[in-house]
Amino acid sequence: MTCSSNNPLVDSLGRVHTNLRISVTDRCNLRCFYCMPAENVVFRPRHELLTFEEIERFVRVAARLGVNKVRISGGEPLVRSELPVLIRCLAKVPGIEDLALTTNGLLLAEQAEDLKSAGLQRLNISLDTLKEETFQQISRRTGLERVLEGIFAAKEAGFEKIRLNAIAIRGLTENEIVPLAKFARKHDLELRFIEFMPLDADQAWKPEEVLTGQSMREILSQAIAPLQPLSRADLSQPAVDYRFTDGRGTIGFINPISEPFCGNCNRLRLTSEGQVRNCLFSSKEWDARALLRDGDTSGHDSDDRLTQLLRDSVTAKLPAHGIGEVDFHPPQRAMYQIGG
Ligand code: SAM
Ligand code: SF4
């Protein structure tokens, strides 16, 4: 086999990488404490960010190697200007079957229709609370009303299966769980709770602050209806889904801390300035931007070098994130700099 062959991206544990998360910016209109610093954030200068052409080219190469799912993230992806232009390009890349985006929803009411008509297939909207006061405590900004407007605008625009992502933090969001679940059931939205991970810029994460999926299931079963696990068709999906036994809706739990799912991980990440990461917690990056900007941008040789870079990154992937082990160190970059 040569590096230029289109064999899939398989790592040393046999994990086949088909899922790419692309950050399009490190900028954001919120300052969530579990992600960004409160102030004095130094953002990447514009010229360091990959252009849409560079992102599209990277995706074409990745798609030839079997990547079929792309998720756009950030920072807040909707603050990147002309984002629908990128969506339109990526939707046409042969092999990309699933094109999704994660947003905090603040700018969604204005952009939902354009994103939909550009070819965006799925939306995840982050919503940790239905209380403005808690929203401000978490995000250090105002805006819950706008997020809710964004959710309804996305429904109007024709997005189906809109998913809400809620971070679960012990001592802060216990009282949000039941109202969020009721809201999701009422409006026919999928809700997923995500355990708080050590990716905050302040590096203040503590294991005691993780509200586990198990404890949330107990709260929900008592307050709403018993939960029954659904069989898992795709083990690379990080969420474990349950259905309410009263027949009204399902709910998912992403438990990277209490029930790590690294053994089935199929994800790669591209940061906004063009670095490939094989894990959220990776301490190493592979510089795709250098290759994308190095002279011959259309030729096969440079595609071969990108292919090899992707293979190198996958080959170096560790078995697991290592959180909780004695030699674990949080990554140098916080979540907003990686892309969630
Ligand atoms: N700004 C967009 C948003 O908030 O949806 C997209 C980027 S954000 C980094 C992507 C996802 O990562 C969000 O759902 C956010 O809640 C989640 N996230 C951020 N920091 C996290 C942390 N420390 N642990 C777990 N999830 C986190
Ligand atoms: Fe911004 Fe999303 Fe990070 Fe919150 S989680 S600060 S919305 S990038």
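We're numbering straight along the sequence, starting at 1. Counting starts at 1 for both ligands and their atoms, following the listed order.
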- With a 4.0 Å cut-off on heavy atoms, does Ser126 reach ligand 2? no
- Message: Parallel, tilted or perpendicular, judged at 30° and 60°: which one describes the rings of Phe152 and His187?
- Response: perpendicular
- Query: Should you measure from each heavy atom of Met36, which atoms of ligand 2 turn up under 4.0 Å away?
  - Reply: 6 (S)
- Should Leu130 and Leu148 count as side-chain neighbours, where that means a heavy-atom distance under 4.5 Å? yes
- Under 4.0 Å from one or more heavy atoms of Glu195, ligand 1 contributes atoms 25 (C)
- Task: Pick whichever of Ile138, Leu199, Ile167 has a heavy atom sitting closest to atom 15 (C) of ligand 1.
- Result: Ile167
- Residue pair Ser23 / Tyr336, side-chain heavy-atom distance below 4.5 Å: no
- Should Asp202 and Arg140 count as an ion pair when the cut-off is N to O under 4.0 Å? yes
- Presence of N, O or S from Cys35 under 2.8 Å of atom 1 (Fe) of ligand 2: no
- Message: Please determine whether a side-chain nitrogen of the Lys or Arg among Lys92 and Glu56 lies less than 4.0 Å from a carboxylate oxygen of the Asp or Glu.
- Response: no
- Have a look at Ser23, Gly75, Pro77 and point out the one with the heavy atom closest to atom 1 (N) of ligand 1. Gly75
- Message: Looking at every heavy atom in both Leu50 and Arg80, which two are closest together, and how far apart are they?
- Response: O-NH2, 3.0 Å
- For ligand 2, is there an atom lying under 4.0 Å from some heavy atom of Met335? no
- Message: Check contact between Tyr336 and ligand 1, using heavy atoms of the residue and a distance below 4.0 angstrom.
- Response: no
